[in-house]
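Structure first, commentary second.
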Amino acid sequence: MRDDFDLVVSGAVVVAEHDIEAADLGIAGEKIAALAAPGTLRGRRTIEARPGSVLVPGGIDTHTHIAWPIADGVRSLDDFASASRAAAVSGTTTVIDFVPAADGSLTAAAEARLAEAESSVVDYTFHPVIARITPRRLGEIPALVDAGMSSFKIYTTYDDRLDDAEIRAVMGAVAEAGGLAGFHAENHSILERAKSAVLAESGAVIGGFPGSRPGSAESAAIGLVTHFARELGAPVFVYHVSGGEALSAIETARETGVLVQAETCTHYLVLDDGVYAREDGWKYVITPPIRDAAARDRLWDALRAGVLGSVASDHCAYGLEHKLPGAADFTALPPGAPGLDARIPFLWHHGVTEGRLGLRRFTEVSATGPARTFGLYPRKGVIRVGADADLVLWNPGREWTWPAFPSGWGSDYEPYEGMTGTGLPELTISRGRVVASDGRFTGDGATGRFVPQRIDTRLWP
Ligand SMILES: [Zn+2]
C-alpha cells in the first residue's frame, strides 16, 4: 500500500492512455503520480468511486467565444469566471478560446485577452484571429507562436475575411513559424449568391437560413485552404464541420497527403435541420447551419472513423437581448449559440450511452485528440503518469433533463432545453484540485492557468 499521495481516486474504471480497467489513481501536487491495482493507493484525501464510475481525462473544448465582442462595445453574456465554472461542472478542464481580431498589434490583443482570462477556474489557451493583415501583423506571428498561442483562426467570410492571396500569405507565415492555421471555411461569394436567391424566393424567414449557406460553400473553402496547405507543406485545421460535403473535401485532401485536422460541434451531432421549422428556430441560427439527419449520421461515422478528431462547442453566450430583435429575420440574427456546458454531457449521452462511441473514442474526441492537434499533449488530454491531473469522474447511470446544472453563468436561453440523457460528471479535478462536485463549482477561485501550445504534427491523431 502506497499512502504518500495528495489525492487518490480509488476503484473507478480508468480510461488510461493504453488500458481501460479498474484502478487507483494517485495524484501528487498537480500531476498524475501513479496508476495501480484497485485498493492499493491511499492519500491525504481518498475518493472512493461508486461502483460503475468511469474516470476519464478532463475535456478540452477547442472552440469557445467567452466574453465575445459581438458589436461595438457589446459583449456576450459571460466572462471567464462564469464560463469556466460552466466548463468545470460539465467536465471540461481546458478551453481554447480566441483572441478577437485586432486592428492594432496582434501581440497587444493577445495580452489583453490573457488578462481577461485570469479569472478562469480551468486552464486555457487561445487561437488568435488574423484579419486585415499588414506586414507588421504578419511579422508578429512568430512571437505569438513562441509564446504558446500557436494556432490561428482565419475567416473566409464575414467582415473579418481574408482574400485568397492573403490566406495563402498567412498560411505560409504561420507554417514557417511552426504554428497551425485554422479556418472558418465557407466560401464567401457562394454564400452571398445563395442568400440572395433565398431572399428573393422566400424572404428572411428562419426556414430559409440553411439554404442560404449550402454545404458547397464549405467544401469550396476547404478545397482552397487544403490546396494551399499542399502547396506550402503547411498543416491546416478546419473549424466546425457541419456535414457531408465538408467531410468529403477533408477526405480528398487527406488522400493527397495534406496534413488536415477538423472538428465538429455538439449541435451538428445532436440536432437536425428540423429545428429551423420551429417557432424558436432563431436559437439555431449558427454558422455553418445544422444540416439534415443524414448529414448528422455521417458526422458520427466520421467521428468514429477518425476523419474528425474532436468535438467542440463553438460556445457564444448570446442572450435574448441579442437574438430576439432578429428572431424572424435570419439576416439580422447574430449567428451562434451557448453550449460550453452541454458539450461533454451530450457527447457522453449520444456517444457512450447510446452506443455510437466506445469509452476510448469518447476520450479521444473530447480530450486526447484536441491535445494532440493543438500542442497540449502529453501534458493534457491523457491519463498517464506525469500528465496534469485533469480528470473527470463519471456517473454513467445518472439521468438528466437539460439544463442538468444550475444555470446563471451566461446566456438567458438554452438551445437544448428539455432534452434528456444519461450520464453526468460527478467530480471534476483540475491540476489536482477538485473544482466541481455534483454539478456545483467547489473550487478555490481563479486557479486556471494559461497553458502554452507547442504544435507538433508528428503527434497528431
Ligand atoms: Zn466559433
Side-chain angles (χ1 to χ4, degrees), residues 59-71 74-80 83-84 86-87 92 94-102 109 113 116-117 124-131 149 151-162 180-188 191 209 213 217-218 221-222 225 236-243 246 261-271 283-291 299 308-319 322-323 330 333-343 346 370 373-374 410-411 415-416:
I60 300 175
D61 194 338
T62 56
H63 189 156
T64 65
H65 301 268
I66 294 168
W68 195 244
I70 53 187
V74 180
R75 295 281 192 124
S76 60
L77 296 183
D78 58 5
D79 56 24
F80 279 88
S84 64
T92 290
T94 305
V95 295
I96 313 184
D97 202 278
F98 296 89
V99 178
R113 195 68 169 152
E116 287 178 18
Y124 51 87
T125 184
F126 295 101
H127 317 284
V129 174
I130 304 185
M149 281 175 268
S151 54
F152 297 83
K153 182 159 188 197
I154 297 136
Y155 288 89
T156 59
T157 185
Y158 297 125
D159 292 346
D160 283 341
R161 71 185 178 277
L162 300 185
L180 172 62
F183 288 87
H184 177 125
E186 286 183 291
N187 177 288
H188 184 70
L191 295 181
F209 171 67
R213 302 184 87 97
E218 280 186 82
I222 293 168
V225 300
V236 62
F237 184 79
V238 181
Y239 293 98
H240 51 44
V241 166
S242 74
Q261 288 290 327
E263 68 178 20
T264 188
C265 305
T266 319
H267 37 273
Y268 304 123
L269 292 171
V270 308
L271 301 170
K283 287 182 184 169
Y284 308 97
V285 171
I286 299 169
T287 60
I290 296 160
R291 311 283 181 196
L299 291 173
L308 295 169
S310 53
V311 177
S313 68
D314 200 358
H315 164 87
C316 188
Y318 287 105
H322 313 120
K323 291 286 195 178
F330 74 78
L333 273 168
L340 180 50
D341 55 340
R343 181 183 75 112
F346 277 80
T373 298
F374 290 105
S411 180
Y416 303 102

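Remember, it's 1-based here, ligands and their atoms both numbered in the order they're listed.
For the residue pair Tyr239 / His127, a side-chain donor-acceptor distance below 3.5 Å is found, with atom types taken as modelled. Between the side chains of His184 and Asp160, no donor-acceptor pair is found at a separation under 3.5 Å.
For Asp314, the N, O or S atom with the smallest separation from the Zn ion (ligand 1) is OD1. No other N/O/S atom of His63 lies as close to the Zn ion (ligand 1) as NE2 does. For His65, the N/O/S atom at the shortest distance from the Zn ion (ligand 1) is named NE2.
Put simply, the side chain of Phe237 reaches to within 4.5 Å of the side chain of Thr373, judged on heavy atoms.
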Handout entry: Working for ring pair (Phe, Tyr, Trp, His ring centres under 6.0 Å), residues His188 and Tyr158
Key = CA-CA 8 Å; His188 184 70; Tyr158 297 125; 8.3 Å; no

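Between the Zn ion (ligand 1) and His240 there is no N/O/S contact shorter than 2.8 Å. At a cut-off of 2.8 Å, His184 does not coordinate the Zn ion (ligand 1) through any N, O or S atom.
Ring geometry, His65 versus Trp68: the interplanar angle exceeds 60°, so the pair is classed perpendicular (tilted spans 30 to 60°).
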